[in-house]
Number of protein chains: 2
Amino acid sequence: MSEAIKDLLKKNHMSVTDSRLQILDMFYHAPGALAHADIEKKASDKIDRVTIYRTLQTFEEKGIIHTIPTADNSVKYALCKDRCEEGHHHDNHVHFVCDKCGKTICLDDVHVPEVKLPKGFQPQQSNMVVNGFCSDCRS
Amino acid sequence: MSEAIKDLLKKNHMSVTDSRLQILDMFYHAPGALAHADIEKKASDKIDRVTIYRTLQTFEEKGIIHTIPTADNSVKYALCKDRCEEGHHHDNHVHFVCDKCGKTICLDDVHVPEVKLPKGFQPQQSNMVVNGFCSDCRS
DNA sequence: ACATATTTGCAATTATGTTGCAAATTTTAT
DNA sequence: ATAAAATTTGCAACATAATTGCAAATATGT
């Protein structure tokens, strides 16, 4: 089980360390996206704040996780399920933030629609975040 | 000229103060969205940091400005040009962030397209941010 | 002009993020 | 299996961003 995680690290030319295994494991078992603070709480004292920052940064650079721009401007991370390569992300899917439980979820199958921009604007990348109630929380 | 700004404050049941006039004026003359830091710089020492935070918060609650969720998770604010009411925003337009000059621009005429969500998800609000080059910066 | 209500600025505190460096751990070569 | 080289970690210090309580200052309604 954690063999798969080790392999993922090796495949991306990263040293296999406790912190990395632990953090990656969290992502694999998390119901949604994770913020730095979430990881810090779950790891409670076992991993240094700084190590978490650095690990998240490395994971992002390697294309293992991607950041999610949420409406409240908090930084969240989630696993890249598409094929992301080092330094290049293909996470062009819509993200959903539940207003009740707060979970942030990648809607991997819903891709961000194109929009027609005014004259002169040259688009490069689009992000879309939808707020509302997730399937567990709608009443 | 600043009469209009005063009226806007009065219309929203807010006291008319120097800080508020100054900050609102900045928004009316800014080329794009403003971050807390931008306002702090422009007001250089005349307005306390804390006052800026509180003013922005109040303006947002009153529906005068709205926050923009950018990809780099920095908080920016822009005037609500649509009719926003107290505690309820209708800023359903696309935002554009220029990768060169950094300007954040409200594309008031481009509204966020609807997307089809998986079963069970109940959308409430959608946000879309496009990165790229603005009309001034494309080469 | 005065009493009341609101807003401001200061100080203190908390949260968030970064950097340098020595110690610990992992990897590589033998 | 072991030692050297490379990488990663944790600590301390620092920088920035944001929040809160409270007294002084300012604005509003009569």
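The sequence lines fix the lettering, A, B, ..., with proteins before strands; numbering per chain opens at 1. These numbers come from the heavy atoms of this one structure, side chains and all, not from hydrogens, waters or symmetry mates.
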Distance in Å, A:Ser135 OG paired with B:Leu117 CG, rounded so as to fall on 0.5 Å steps: 10.5 Å
Whole Å only: how far is the CD1 atom of B:Ile47 from the P atom of C:dC10? 13 Å
Looking at A:Asp72, I want to see if its CG is surrounded by more than 12 non-hydrogen atoms of other residues, nucleotides or ligands under 6.0 Å. yes
Under 4.0 angstrom between A:Thr51 side-chain N/O and D:dG10 OP1 or OP2: yes
Measure CG/B:Asp48 against C1'/D:dA23 and give the value in whole Å, please. 14 Å
For B:His111, I'd like to know if atom NE2 has over 12 heavy atoms of other residues, nucleotides or ligands within 6.0 Å. no
Respond yes when some side-chain nitrogen or oxygen of B:Ser15 is under 4.0 Å from OP1 or OP2 of C:dA5, and no when none is. no
Taking atom P of D:dA17 as reference, at what distance in whole Å does atom CG of A:Asp72 sit? 18 Å
What's A:Lys10 touching, base or sugar-phosphate or nothing? Going by heavy atoms closer than 4.0 Å. nothing
A:Phe27 and its side chain to side chain contact (heavy atoms under 4.5 Å, CB included) partner, picked from A:Ile39, A:Ile64, A:Ile5: A:Ile39
When rounded to whole Å, the CG to C1' distance for the pair B:Leu9 and D:dA27 reads 12 Å
Could you tell me the separation between the CD1 atom of A:Ile52 and the C1' atom of C:dT19, rounded to a whole number of Å? 17 Å
Identify, between A:Thr58 and A:Val50, the residue whose nearest nucleotide on DNA chain D lies closer to the 5' end. A:Thr58
Side-chain N or O of A:Ser19 closer than 4.0 Å to phosphate OP1/OP2 of D:dT9: yes
Just to be sure I understand the rule, does A:Arg20 reach a base, reach only the sugar-phosphate, or reach nothing, if contact means heavy atoms closer than 4.0 Å? sugar-phosphate
Between D:dT8 (P) and A:Gln57 (CD): distance, integer Å: 12 Å
Take B:Lys103 and B:Asp136 through the test salt bridge (Lys or Arg N to Asp or Glu O under 4.0 Å) and record every step on the way to the result. CA-CA 10 Å; B:Lys103 261 202 305 232; B:Asp136 294 335; 3.6 Å; yes
Both B:Thr55 and A:Asp18 contact DNA chain C. Which one's nearest nucleotide lies toward the 5' end? B:Thr55
Can you measure B:Ile39 atom CD1 to D:dA18 atom P for me and round it to whole angstrom units? 12 Å
Test for a donor-acceptor pair under 3.5 Å between the base of C:dG17 and the side chain of A:Arg54, counting only N and O atoms. no
Has the side chain of A:Arg49 got a donor or acceptor that lies under 3.5 Å from a partner of the other kind on the base of D:dG10? no
Give the rounded distance in Å between these two atoms: OH of B:Tyr53 and C1' of C:dA15. 11 Å
